[in-house]
Each structure stands twice: as C-alpha cells, then as structure tokens.
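Both ligands and their constituent atoms are indexed starting at 1 by order of listing.
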Amino acid sequence: MSATVQSIDTKTAEAEQELTDGFHLVIDALKLNGVNTIYGVPGIPITDFGRMAQAEGIRVISFRHEQNAGNAAAIAGFLTKKPGICLTVSAPGFLNGLTALANATTNCFPMILISGSSEREIVDLQQGDYEEMDQLAIAKPLCKAAFRVLHAADIGIGLARAIRAAVSGRPGGVYLDLPGKLFSQVMDAAAGAKSLVKVIDPAPAQIPAPAAVKRALDVLKSAKRPLIILGKGAAYAQADDAIRALVEKSGIPFLPMSMAKGLLPDTHPQCAGAARSTVLKDTDVVMLIGARLNWLLSHGKGKAWGEAPKKFIQIDIEPREMDSNVEIVAPVVGDIGSCVSALLEGIDGKWPTPPVDWTGAVKAKRDDNVAKMAPRLMNNNSPMDYHGALGALRSVIKERPDAIFVNEGANTLDLARGIIDMYQPRKRLDVGTWGVMGIGMGFAIAAAIETGKPVLAVEGDSAFGFSGMEVETICRYNLPVCIVIFNNNGIYRGTDVNPTGGSDVAPTVFVKDSRYDKMMEAFGGVGVHVTTPDELKRAVDAAMNSGKPTLINAVIDPAAGSESGRIGNLNPQSKIRKK
Ligand SMILES: Cc1ncc(C[n+]2csc(CCOP(=O)(O)OP(=O)(O)O)c2C)c(N)n1
Ligand SMILES: [Mg+2]
C-alpha cells in the first residue's frame, strides 16, 4: 500500500471518528442523565437503537407487548424518582404504550414514552406511510407534556425537557417523538457532545409558605379527632423518616391509602387501617399528605364521611389540587418532604397529644376488627376462599417485609389490601387511581429489576390475563418473581350462567379449572398447582427462597367472590331489567 493511500485512509477514519448521529446522541443523552434501563419492544425504526443502547451499557429489557413495558417504566419511575423510559415503534406500538403513559400521568408516576415515528412529510400530508400516525397530537392530551425532536442538534435539549417535565412539580408521563430520520442524521461529534444537557436538580424542592404551615398547624392543634391520611404521593416523596416523625410526634392516628401502606407499618399502634370506616365518619380534622380527595376517598363528602363536620388540611405539590372536591381550610403547597419537615418544626414537646377518647376509640375499633378477621385467615379450607389463601400470604410478607408485593384483580385486590400487612415503604404496588387491570407483570418485572428484591405478584385470574404473556420475559431474564394466580374461574366469580341456556358461557366466566402453572413451565419456569392454604404457603416460600421464576395456580372457590370486590356499588343498575 502506498503512503498516499494510507494517509487518505487515516484521514477518512479520522473524519468518521469526528461524526456522531442521532442514535448515539440519544444514547449519550440518556446516559448523561443517569438512565441505565430501557423497557420496550423492538421494531422499525428503533431496533438498532435498542441494540446500540445495549452495546453502550444501558440495560434494554424487551417485552412481549408495549403496554407492559410502559407499566414497567411507570413503576420504575415511582420507585426511583427518576423517569422510567419506555421505547416503542410507531403507530400501533406507540398506541400500545399510550395506555401506560396515561395511567402513569393519572397516578403521578414519572415516565417518558419514547416512540419512533414515520416520515413527517408523508404523515403530515396523510399519504399513507408505513405505520403513519400523528403521534405527537394524539399523545398531548393524555400526558403531562409531549415533545418532538427533528434535528440531531436538539436531542440534548429535547431529552432535558422531557426529564424535567416528568419529574418536576407533580410527576407524570411525558411523550417524546423521535422520527425515524432523526436517528441516522449525522453531525460533528464535538458539537454533538456540547449539545447534550445534564439536567441539574430535575425536581427542585418546593418550599411551602411559612404562613401556610402555621395555618395548618393551628387547625391541626384545634382538632378533637384528628386523622392523617397518607397517599402514594407521600410514598413517592421518599421522605419516610420525616413522615414517620410527624405521625409519631403528633400522636395522630393515620390511614394509609393502598400504595402508602408500609410507609409506617400497618401494625403500628397509630395505624387506623382496620378502622377505616369509623375514622372517616368520626374525624373532625383531616390532614391529607400526598393523597387526593378523589373517588377512592369518596370525594371527601357523603355517607362515607358521616355527619360530623370536617376540616381538611391538604399537603400537595400541585396548587390546583386544593378545593378539588371540598373546601381545604389549610392548603400547604410544596413538595411533601419540605412540607412535612416544615410542619415538624412546629410540632415540639408542647404539642398536645390528641384526646385519648379519640385515640382509644380508634384503637378499640381496630383491635376489634382485627380480632374478628383472625379466625377466618386461619382456615385451611379446600377449595380455598380468599381469606384462607390470603392468610397464608400474609405470613409470607410478615416473614419477608422487604419483598415487593404486586396486586391486581377485584376480590383478589380488595381483600389482599385489607388482609396483607405491609411493613416497609413502597413495597405495595397495585392498580392505583384508575383501578386498571394489566399492571401486574410490568410492575413485577420493573420492581425486580430496579430493586433487586424478590417480588410476590398476587393476581386475579382475569387480571393476570392482561399481561400474562410476560411470564416469558420473567423467565428470559430469570427474575426473582413469584406469581400467585387466584383462580376462581372468572371475573369476580366463576359461577355465572348464560341466562338463555345457550352454549356460550356467561361473559364473566373463563375455562374451568385452567392450569396457569403450565404456562410457566412452557418457558422453563417453575409451575405449581395448589388447593389449600398450607400448600400455597409452602409453594410461595420455596419460590421466594429459590428466587426462581415461579407461577402458582391457586384454586379458589368459584363462588367465594363478590361482584366487583368492594366497589360493587359503582355498577349502574337497570330499573327495567327483565326478570
Ligand atoms: C383495563 C381494565 N379492563 C377492565 C377492567 C374491569 N375489571 C375490574 S376487575 C376485573 C377483573 C376481576 O377479576 P379477577 O382479576 O379474576 O379478580 P377476582 O375478583 O375474580 O378475584 C376487571 C376485568 C379494569 N379494571 N381495567
Ligand atoms: Mg377471578
């Protein structure tokens, strides 16, 4: 080879080294901002992007359906306070991810849905491109913010905006649209590196106004029957010590919402979880911490809240949350950590303990309810009822308080929430604000990956079906996930009949006596079939000890459940229903 050819070759190589492209800029921007995991499904135009991200050291977890990848990203956001990333292809993949994005936004979980999209010029003229869809326009009303990046030089800023939008203020879902062409756009490598943005202080503290804090303390001090309600916003805040100190120093009974269970142990002497209906009715001053007065709290009014007049104090990062349903006499706007710390400063040694007739009444009611429930949880009936099966699982969590408990279904959800005590913050992950089915496997996978802890997912047989194919994903990544399916042959119950006597079964009924455990075996996981609480406990213990992907088919009496679990009252009734 002549010297001239050699030098041209070297020059070309140098010139190539000095270029970067959209693929690498997105990866570099993610890494610069500490993103180390992507949840998604490959395909045009993001297949190579996934490969390159993996090559660059990002963990790329491939799912079987984007909705599950999206749910994984969302709960990763909840657990880490960093936006979870979901990566999808255009139109159908994007739409599959969108449900999770909307659900994340509703639940205030920070996530970013990054979808590849088709040629802008063709999409905008509606000329029928491959997977054509105006994704940005569709995403906008369903999430907190939506952005599109057209130039490689804007990738850094685009990603920075997405991160900030997802985690600052009230967290939520963000959509980031990356057209296929962007990935192969090249630019000078040095200029590319300079264009990247490391987001400094992505979720700045929002300090409450001192006057608001004082007002709240004054109202709280005047209470005869005070109550603290902890929502999943309080769990998200990771201000666990301050919240515990506030509850304990004030001496006020607390009620945890579903995903706030474990912030303080459910067995804590001040926990009013087992006296929920009594405390809601009888309290005179309620302090909401990261909990919204939505349907889950009967909007703060009506029968559930009884006759006694109430005053509400509300701590929330979103000012517009105040007065959403009833008057808030003491709004405290700021991030939960800052607000709780500020309140704590006012709760000194002179703080009056709440009247003992109140705390005593709450405790008596709670102990009474717990005692009434106890024998039911110890039954070893076969087929199992919910109480027997959940009694067994209750012991599992008691013995392994750091395990993560994922839960969805109707009866399977509502009864497990009441029965299974949680002991540590952010260990209970469930259907959230919408009561959505389908979060199960996505949540379980991300929980295992983000925390490295064992996961126990307790699923109604219907609920499981929404994300069940991800058992392959669990086996593929060999995750320490134990799935228990409460198999009652259907939705709510397995006993409904077709009133016409025709050959179709009733709409709520599934194939009888299905063997979900065999699904797990198909992918190399452990499948177990159990019919008694004792067998169930043994099987779950073995799974949790081994860390092997396991699915336990737990046979539940098909007649044991009730319509819609605990929320049957929300079903509209026909007044002219034919007898
Ligand atoms: C996405 C979605 N689709 C439908 C529903 C309605 N829904 C509520 S609970 C439920 C399933 C309940 O059955 P299962 O999971 O088997 O629990 P079980 O009550 O039988 O224990 C369904 C379909 C929902 N909440 N979310
Ligand atoms: Mg069922």
The Mg ion (ligand 2) - name of the N/O/S atom of D461 that sits closest to it: OD1
Residues lining ligand 1 [heavy-atom distance under 4.0 Å, listed by chain and residue number]: Y386, G409, A410, N411, T412, G435, V436, M437, G460, D461, S462, A463, F466, N488, G490, I491, Y492
For Y236, side chain to side chain donor-acceptor pair (under 3.5 Å) partners two or more places apart: none
Name each donor-acceptor pair under 3.5 Å that joins a side chain in residues 68-84 to protein atoms two or more places apart or in another chain, with its distance.
unit_1, atom_1, unit_2, atom_2, d
N68, ND2, E470, OE2, 2.8
N71, ND2, Q67, O, 3.2
N71, ND2, G438, O, 3.3
T80, OG1, A76, O, 2.7
T80, OG1, K82, N, 3.1
T80, OG1, K82, O, 3.3
K81, NZ, A237, O, 2.9
K82, NZ, G34, O, 3.2

Residues that H529 engages under ring pair (Phe, Tyr, Trp, His ring centres under 6.0 Å), provided they are two or more places apart: none
Side-chain donor-acceptor contact under 3.5 Å, D534 with N380: yes
Whether W305 and F312 hold their rings parallel, tilted or perpendicular, with breakpoints at 30° and 60°: perpendicular
Metal site angle (apex the Mg ion (ligand 2)), OD1 from N488 and O from G490, 10 degrees: 80°
Contact check, side chains of I112 and I163, non-hydrogen atoms, under 4.5 Å: yes
Heavy-atom check, side chain of L413 versus side chain of N411, under 4.5 Å: no
